[in-house]
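First the structure, in the form of structure tokens, and then the observations on it.
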Protein chains: 2
Amino acid sequence: MASRTHDPEPLLTPAEVASMFRVDPKTVTRWAKAGKLSAIRTLGGHRRYRESEVRALLQGQIPTQRQGD
Amino acid sequence: MASRTHDPEPLLTPAEVASMFRVDPKTVTRWAKAGKLSAIRTLGGHRRYRESEVRALLQGQIPTQRQGD
DNA sequence: ACCCAGTGGGGTAATTTGGGTA
DNA sequence: GATGTCCAAATTACCCCACTGG
């Protein structure tokens with residue numbers, strides 16, 4: 001088994017996610033605000049995104065979960 | 001900066017594909033709906049197209065799904 | 001402490017979607 | 001059957017400036 005420390009979950013910056021979807025980084029921010037994409041906040045308020053989730057979203061395997069409706 | 005070996009697939013917007021084919025963006029949308037062109041969806045529902053596929057289509061290297069011929 | 005590319009927040013154009021129609 | 005146009009609504013892109021990340 002691995003040690004008791006957490007596995008280093010690969011995180012992506014807004015710009016990286018934006019380039020993967022061919023959208024503006026601001027758009028990725030809107031997705032996070034809308035709850036379509038879970039974001040991890042830095043202590044300074046910047047957002048980081050889980051690479052695994054982003055890739056799953058790109059493959060369309062996640063039923064585009066929306067919050068407000 | 002996140003110096004991750006990141007190979008984002010180049011994607012094209014509907015307008016870009018439309019100008020490449022000299023057609024209306026709406027027509028490109030119809031091609032995607034008809035399955036003639038694979039499309040990746042943004043979380044907001046907009047379509048993005050693979051540049052490699054579009055270029056191959058432009059060169060006629062992909063046997064378009066046509067019935068008899 | 002300085003540098004500076006990237007990001008957040010807000011607001012406003014531009015593009016895209018989807019249906020119906022020519 | 002395939003493409004272009006009109007319309008309303010939704011989504012996205014670009015503009016500002018202040019702050020964060022390395």
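Owing to the predicted nature of the structure, the values given are computational and were not obtained by experimental measurement. Within every chain, numbering begins at 1; the chains are lettered A, B, ... in the order of the sequence lines, protein sequences first and strands thereafter.
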Under 4.0 Å between a side-chain N/O of A:Trp31 and OP1 or OP2 of D:dT12, yes or no?
yes

Would you tell me if any nitrogen or oxygen in the side chain of A:Arg47 comes within less than 4.0 Å of OP1 or OP2 on C:dG8?
yes

Numerically ordered, the residues 15-23 of chain B set in heavy-atom contact under 4.0 Å with DNA chain C is B:Ala15

Would you give the length of the straight line joining atom CD of A:Glu9 to atom CZ of A:Arg48, rounded to the nearest 0.5 angstrom?
14.0 Å

Looking at every heavy atom in both A:Ser38 and A:Tyr49, which two are closest together, and how far apart are they?
O-CD2, 3.7 Å

C:dC2 - base-pair partner by Watson-Crick or wobble geometry, distances under 3.5 Å:
none

To the nearest 0.5 Å, how far apart are CG in A:Leu57 and CZ in A:Arg50?
13.0 Å

One should read off an interatomic distance between B:Phe21 CZ and B:Leu37 CG, to the nearest 0.5 angstrom, of 7.5 Å

When B:Arg48 and B:Thr27 are each assigned the nearest nucleotide of DNA chain D, the 5'-most assignment goes to B:Thr27

Using whole Å, report how far CG of B:Asp24 lies from C1' of D:dC6.
12 Å

Taking only N and O in the side chain of A:Thr13, is any of them less than 4.0 Å away from OP1 or OP2 of C:dT7?
yes

pair_partner(D:dA18), Watson-Crick or wobble, both distances < 3.5 Å, evaluates to C:dT7

Just verifying a value: how many Å separate A:Thr42 OG1 and A:Leu11 CG, rounded to the nearest 0.5 Å?
11.0 Å

Which atom pair, heavy atoms only, marks the closest approach of B:Pro25 to B:Ala15?
CG-CA, 4.5 Å

Closest to the 5' end of DNA chain D, once B:Arg30 and A:Pro25 are matched to their nearest nucleotides, is B:Arg30

Could you tell me the Watson-Crick or G-U partner of C:dG19, where both distances fall under 3.5 Å? Say none if there is no partner.
D:dC6

Could you measure the distance from the CZ atom of B:Arg47 to the CZ atom of B:Arg41? Nearest 0.5 Å is fine.
4.0 Å

About how many Å separate CG of A:Leu12 and CZ of A:Arg55, when rounded to the nearest 0.5 Å?
8.0 Å

Check the interface with nucleotides 15-20 of chain D: list each N/O to N/O pair with the protein under 3.5 Å, or write none.
unit_1	atom_1	unit_2	atom_2	d
D:dT20	O4'	A:His46	NE2	3.4

What side-chain hydrogen bond (donor to acceptor under 3.5 Å, both in side chains) pairs are there with at least one residue in residues 15-32 of chain B, not counting sequence neighbours?
A:Arg22-B:Glu16, B:Thr13-B:Glu16

Using whole Å, what does the distance between atom C1' of nucleotide C:dG6 and atom CG of A:Leu12 come to?
15 Å

In whole Å, what is the span from the NZ atom of A:Lys33 to the C1' atom of D:dA10?
17 Å

Between D:dG1 atom P and B:Lys36 atom NZ, what is the distance in whole Å?
11 Å

